[in-house]
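A short write-up of the structure that comes next.
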Number of protein chains: 2
Amino acid sequence: MKSYGQYCGLARALDVIGDRWVLLIVRELLDGPRRYAELLDGLPGIATNLLVDRLRSMETSGLLTRQQDGRYALTSRGEGLNDVVYAMGRWAGPLMLRPSGNDAFRSHWFRHMVVVRFEGADPRRGNLVVEIHSGDEPMTLISAGGRVHMVRGRVDKPDIVLTGPPEGVVGVIVGVLPPAEAAARGISIGGDARKLKRLRPARRSVPATATAKAPEAPATA
Amino acid sequence: MKSYGQYCGLARALDVIGDRWVLLIVRELLDGPRRYAELLDGLPGIATNLLVDRLRSMETSGLLTRQQDGRYALTSRGEGLNDVVYAMGRWAGPLMLRPSGNDAFRSHWFRHMVVVRFEGADPRRGNLVVEIHSGDEPMTLISAGGRVHMVRGRVDKPDIVLTGPPEGVVGVIVGVLPPAEAAARGISIGGDARKLKRLRPARRSVPATATAKAPEAPATA
DNA sequence: CTGCATCCGGGCCGATACTG
DNA sequence: CAGTATCGGCCCGGATGCAG
């Protein structure tokens with residue numbers, strides 16, 4: 001992509017990560033090193049030449065390296081994009097209620113979509129294990145020690161089992177879709193749905209990122 | 001731009017803000033409503049048709065509205081992108097040391113570049129007024145009440161006056177360029193340069209954003 | 001089978017000229 | 001001042017080929 005040619009932080013960042021697919025490749029690699037075929041599967045819709053082009057340019061711009069085993073891994077600089085990816089994921093919250101429809105979906109994307117909503121530790125958060133069946137592989141949400149994690153696969157004795165389209169699963173987990181209405185969205189809930197409240201103890205929808213704005217501008221109140 | 005067609009927060013966000021120039025338009029409007037000609041001046045390099053195209057599509061996607069006076073203003077949804085813009089600006093820190101060279105520059109961009117480095121209130125931060133001459137108009141940095149602001153124009157009796165290329169000004173302010181070496185970078189400092197330390201009281205280079213990563217990451221599987 | 005490289009059509013981007 | 005029109009070129013996307 002052509003450089004913006006502006007001495008500005010945002011513009012210089014976009015010169016590096018503004019190309020199409022770049023941030024989605026970062027998303028995939030934030031889960032750990034991946035090989036070419038795994039990336040191709042995790043990035044439905046990308047053309048093979050574009051994937052290679054991006055991997056090359058991201059390597060020269062210092063976002064990733066190629067390991068001895070041939071897998072691609074983020075550099076520390078690339079991992080620094082975690083905050084950018086999560087800021088965008090948080091902003092996208094309202095967009096996720098729209099049904100997935102024909103959109104492609106991979107189960108491991110749940111990790112970012114969910115963790116972004118439960119960032120930080122909250123000691124009042126209860127322990128909970130939720131098994132999720134949506135997409136190409138089972139995933140398990142684990143709330144423990146005040147933090148929420150998400151791992152591939154299943155674990156023994158989940159408290160709840162969720163099955164259905166991804167937007168319904170996300171809605172139930174983040175609490176915008178009441179369990180009573182979940183069935184109408186194609187979600188089936190195994191176990192005691194009331195336990196889901198443990199994930200959101202008090203009234204803390206926004207994790208106190210403290211959007212320190214300058215004093216002019218209309219300030220979103 | 002074509003949609004990624006993925007049910008993923010990052011992908012859906014990029015479907016809306018991934019188009020070239022969109023985030024830079026947001027950057028301009030984060031300073032408040034602007035008219036067409038002002039945007040054109042604040043976005044050196046953009047073609048007039050592209051600016052119009054972006055303004056139209058950003059209006060239909062709910063990022064901005066047109067006021068009665070014809071000026072363009074961010075909606076609350078658009079202002080929500082503040083965190084995204086700042087996350088990228090923070091990540092771009094290391095990229096800003098490279099000289100501006102032939103890059104275009106507008107003085108009001110200092111606001112984002114500087115505020116992003118002093119986000120949040122720190123009661124130990126001292127009061128300071130720095131007048132800056134770099135680019136197309138004078139700017140003034142004001143540290144008061146533990147917060148750092150940046151305003152257009154000049155105020156009476158600044159403590160320090162900085163003049164020179166933008167990368168030198170940024171370097172001196174954030175502290176990576178010692179005042180003793182500033183002259184070699186074309187920076188002239190009026191007043192007592194030691195007062196600049198007031199801006200960075202303790203050893204807090206990173207504002208404790210607490211990059212909460214999941215514990216699995218390396219995933220050698 | 002994995003990991004690319006090449007080719008080509010279409011659309012978006014960028015620069016300039018022009019208009020109410 | 002605030003756009004509209006036009007056109008060349010580059011990037012993107014999909015298909016296909018091919019070497020280890």
task: Remember a base hit wins even if backbone is also touched, and classify A:A47 as base, sugar-phosphate or nothing at under 4.0 Å, heavy atoms.
output: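 The answer is base, as A:A47 lies within the cut-off (heavy atoms under 4.0 Å) of a base atom.
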- request: Give A:G70 one of three labels, base, sugar-phosphate or nothing, depending on what nucleic acid heavy atoms sit under 4.0 Å from its own.
  value: nothing
Starting at [atom1] of [X] and ending at [atom2] of [N], how long is that distance when rounded to a whole Å?
{"X": "A:L55", "N": "C:dG3", "atom1": "CG", "atom2": "P", "answer": "11 Å"}
{"X": "B:N49", "N": "D:dG8", "atom1": "CG", "atom2": "C1'", "answer": "13 Å"}
{"X": "B:L43", "N": "C:dC13", "atom1": "CG", "atom2": "P", "answer": "15 Å"}
{"X": "B:E59", "N": "D:dG3", "atom1": "CD", "atom2": "C1'", "answer": "14 Å"}
{"X": "B:D19", "N": "C:dG14", "atom1": "CG", "atom2": "P", "answer": "10 Å"}
{"X": "A:L39", "N": "C:dC4", "atom1": "CG", "atom2": "P", "answer": "10 Å"}
{"X": "A:L40", "N": "C:dC1", "atom1": "CG", "atom2": "P", "answer": "14 Å"}
{"X": "A:R56", "N": "C:dA5", "atom1": "CZ", "atom2": "C1'", "answer": "11 Å"}

With a cut-off of less than 4.0 Å, is there a side-chain N or O of [X] near OP1 or OP2 of [N]?
{"X": "A:Y72", "N": "C:dC4", "result": "yes"}
{"X": "A:R35", "N": "C:dG3", "result": "yes"}
{"X": "B:W21", "N": "C:dC13", "result": "no"}

Side chains of B:Q67 and B:R35, donor plus acceptor under 3.5 Å: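 Their side chains do not contain a donor-acceptor pair, so the 3.5 Å distance test is not met.
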- prompt: If you measure only the distance, is there a donor-acceptor pair under 3.5 Å linking the side chains of B:E167 and B:S100?
  reply: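 Present: a donor and an acceptor within the cut-off.
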message: For B:L95, is there any backbone N or O sitting under 3.5 Å from a side-chain donor or acceptor partner on A:R12?
response: yes
- request: With B:R71 as the cation and B:Y36 as the aromatic partner, state whether NZ or CZ is under 6.0 Å from the six-membered ring centre and within 45° of the axis.
  value: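 That pair does not qualify as a cation-pi contact.
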Nearest to the side chain of [X], which nucleotide is it out of [options]?
{"X": "A:R20", "options": "D:dC12, C:dG3, D:dG3", "result": "D:dC12"}
{"X": "A:V52", "options": "D:dC12, D:dA2, C:dC4", "result": "C:dC4"}
{"X": "B:L50", "options": "D:dC12, C:dC13, D:dA2", "result": "C:dC13"}
{"X": "B:Y36", "options": "D:dA2, C:dG14, D:dA15", "result": "D:dA2"}
{"X": "A:K2", "options": "C:dA15, D:dC12, D:dT16", "result": "C:dA15"}
{"X": "B:A37", "options": "D:dA2, D:dA5, C:dC4", "result": "D:dA2"}
{"X": "B:R66", "options": "C:dG3, C:dC13, D:dG3", "result": "D:dG3"}

query: Taking the six-membered ring for Trp, is the centroid-to-centroid distance between A:Y7 and B:F110 below 6.0 Å?
result: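 Centroid separation for A:Y7 and B:F110: 6.0 Å or greater.
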query: Taking atom CE of A:M58 and atom OH of A:Y72, what is their separation to the nearest 0.5 Å?
result: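 It is 11.0 Å, given to the nearest 0.5 Å.
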message: So for A:T48 and C:dA5, does any side-chain atom that can act as donor or acceptor lie under 3.5 Å from a complementary atom in the base?
response: yes
